[in-house]
Every structure is written in C-alpha cells, then in structure tokens.
Amino acid sequence: QSLIPEDAPPEIVAVLFTNNAANSEISGVEVEIEAAPTPNWFFSGMYSYLDTKFSDFQVPVGFKLGVGAPPVEDRVGNKLKRAPKSMWSALARYTHELNNGADLTGQVAYRHIDENYGDVDNLYFGTIPAYDLLDARVTYNLAGGLWTITLWGNNLADEEYFTNVFPNIG
C-alpha cells in the first residue's frame with residue numbers, strides 16, 4: 001500500500017508498505033490430469049479457477065493514504081493481487097530409446113495465465129494482462145543414467161509479460 005505515517009513531515013507524500021490483509025475469502029478448484037498411453041508418450045494438463053476477495057482490509061491505525069492514492073480506506077470486495085481467475089497448462093513428452101542404451105526425450109509445454117491485479121486497490125493501470133508461455137526441451141540421457149544433457153528454451157514465442165507491478169499515482 002502507498003501510505004503515509006500520520007506523524008510524517010509534509011514533504012513525505014507516500015511510503016510503500018507491505019502488510020497483510022486482515023481477512024480474505026478464497027474459493028476455487030484445480031483439476032490435474034496425467035496420461036501415459038504408451039511407454040514412450042506422457043501427457044499432462046492442469047486447469048485452476050480462483051475466486052478471491054478481501055473480506056477485511058483497512059488502512060492500518062497510525063497511517064493515512066498516500067498522496068494521489070485512491071480514496072479507498074477499505075478494500076473489502078477487492079480481488080487479491082497476483083491471483084488470476086484461471087490458469088491452465090498442457091505438456092507433451094516423448095521418449096525414444098536408442099540402440100546404445102541411452103534415450104532421447106523431447107518435451108513441449110504451454111501455459112496460460114489470466115489477467116490479474118498487481119495491487120490491492122485493483123487499479124486498472126496495475127492490471128497484469130493475460131499471457132501465454134511456450135517452453136520446450138530436448139534431453140539426452142546416457143546409458144546407465146550417469147549423465148544427462150539438456151537443451152531447453154523458455155518463452156519460445158517471445159511473449160512480453162509483467163512479473164511484478166507496483167502501481168504509483170502522481
């Protein structure tokens with residue numbers, strides 16, 4: 001939260017504080033599935049749905065809102081930050097055994113993360129837009145399992161996305 005201690009000098013316009021909300025309500029469901037239809041193929045997938053809101057979250061005693069902060073003393077009903085409504089992922093892996101006793105494995109994974117808020121005030125400019133990520137890897141496992149060599153790439157579609165958002169007004 002962007003807050004000012006009540007006894008702060010006038011030149012202090014805001015201080016960024018991290019504190020816990022008093023209470024929140026979180027409900028949701030997550031479903032995971034895995035399948036190995038053959039010894040060489042493996043598939044997995046996941047879907048999660050979250051419904052979150054603060055049920056009690058007020059400005060702490062001894063503080064007031066920072067200059068330019070939304071005039072919201074109480075954040076009851078706001079969504080929790082970094083809690084997307086839904087996420088899903090899918091993964092496929094194929095392992096090919098080689099004549100020399102080693103094996104070669106290829107894997108591709110895709111993830112989707114819905115938009116979510118980067119702040120407790122649910123400000124529109126603090127929204128983290130939905131994004132999708134594509135990762136892949138190829139692994140060579142030497143016979144006997146003593147050595148593994150892996151070549152991997154993350155975010156192969158070169159998706160630009162926010163990892164953190166700290167909105168500031170003013």
Side-chain angles (χ1 to χ4, degrees), residues 1-8 10-37 41-93 107-137 150 152-170:
Q1 297 182 61
S2 179
L3 300 173
I4 302 173
E6 288 181 347
D7 60 352
E11 63 271 11
I12 301 296
V13 294
V15 178
L16 187 61
F17 282 90
T18 300
N19 61 317
N20 289 328
N23 291 300
S24 61
E25 295 175 14
I26 303 170
S27 61
V29 64
E30 183 171 321
V31 177
E32 296 180 27
I33 187 168
E34 294 182 349
W41 280 103
F42 174 81
F43 300 96
S44 70
M46 178 278 298
Y47 174 80
S48 72
Y49 172 83
L50 275 177
D51 184 22
T52 68
K53 67 181 175 183
F54 291 114
S55 56
D56 182 21
F57 189 176
Q58 299 179 4
V59 173
V61 175
F63 293 90
K64 59 186 178 179
L65 292 171
V67 173
V72 178
E73 296 285 329
D74 189 349
R75 291 162 176 88
V76 169
N78 283 9
K79 301 291 183 192
L80 275 65
K81 66 185 279 187
R82 302 288 297 157
K85 188 165 269 282
S86 69
M87 297 187 304
W88 62 268
S89 67
L91 178 141
R93 180 184 309 133
Q107 175 178 300
V108 63
Y110 187 85
R111 292 175 282 158
H112 171 81
I113 295 92
D114 269 357
E115 80 174 14
N116 57 89
Y117 292 104
D119 70 295
V120 296
D121 292 308
N122 295 176
L123 301 170
Y124 74 92
F125 57 84
T127 300
I128 299 171
Y131 59 96
D132 300 284
L133 298 173
L134 176 64
D135 304 331
R137 66 177 48 225
T150 301
W152 74 91
N154 291 333
N155 192 13
L156 295 174
D158 200 23
E159 176 86 7
E160 291 186 6
Y161 62 97
F162 295 104
T163 56
N164 285 296
V165 174
F166 297 103
N168 191 7
I169 303 174

Residues at least two apart in sequence or cross-chain that pass salt bridge (charged side-chain N to carboxylate O under 4.0 Å, His left out) with D132, listed by chain then number, are none

Residues passing the salt bridge (charged side-chain N to carboxylate O under 4.0 Å, His left out) test with R111, sequence neighbours excluded, are D135

- Query: Is there side-chain contact between V76 and F54, with heavy atoms separated by less than 4.5 Å?
  - Reply: no

Contacts of W41 meeting ring-ring contact (aromatic ring centres under 6.0 Å, His included) (sequence neighbours excluded), chain-then-number -> F43, Y94

Here the gap from S27 atom OG to Y49 atom OH, rounded to the nearest 0.5 Å, amounts to 7.0 Å

Quiz: residues 153-167 side-chain donor-acceptor pairs under 3.5 angstrom, not counting sequence neighbours:
from : atom 1 : to   : atom 2 : distance (Å)
N155 : OD1    : E159 : N      : 2.9
N155 : ND2    : E159 : O      : 2.8

Heavy-atom nearest pair, I128 first then G118, reads CD1-CA, 4.2 Å

Those residues at least two apart in sequence (or on a different chain) that pass ring-ring contact (aromatic ring centres under 6.0 Å, His included) with F42 are none

Taking every heavy atom of I26 against every heavy atom of L50, the minimum-distance pair comes out as CG2-CD2, 3.8 Å

To the nearest 0.5 Å, atom OH of Y117 lies from atom CG of N122 at 5.0 Å

CG of D51 to NZ of K53, rounded to nearest 0.5 Å, is 7.0 Å

For E115, the salt bridge (charged side-chain N to carboxylate O under 4.0 Å, His left out) test, sequence neighbours excluded, returns none

Applying side-chain contact (heavy atoms from CB on, under 4.5 Å) to S55 and not counting sequence neighbours gives N23, E25

Before you tell me yes or no, could you show the steps for V120 and F57 under side-chain contact (heavy atoms from CB on, under 4.5 Å), namely the whole-Å CA-CA distance, both residues' side-chain angles and the distance that decides it to 0.1 Å?
CA-CA 9 Å; V120 296; F57 189 176; 3.5 Å; yes

side-chain contact (heavy atoms from CB on, under 4.5 Å) filter on A109, not counting sequence neighbours, yields L91

Residue set satisfying side-chain contact (heavy atoms from CB on, under 4.5 Å) with E32, at least two apart, ordered chain then number -> E30, M46

Sorted by chain and residue number, the side-chain contact (heavy atoms from CB on, under 4.5 Å) partners of D114 (sequence neighbours excluded) come out as P84, K85, S86, H112

_One thing to verify: whether D56 and R75 come together as a salt bridge, which I'm taking to mean a side-chain N less than 4.0 angstrom from a carboxylate O._
no

Across all chains, not counting sequence neighbours, the side-chain hydrogen bond (donor to acceptor under 3.5 Å, both in side chains) partners of T127 are none

Checklist entry - Side chains of F63 and V61: closer than 4.5 Å at any heavy-atom pair? => result no

Contacts of K81 meeting salt bridge (charged side-chain N to carboxylate O under 4.0 Å, His left out) (sequence neighbours excluded), chain-then-number -> none

Between D119 and D121, is there a donor-acceptor pair closer than 3.5 Å when you use the side chain of the first and the backbone of the second?
yes

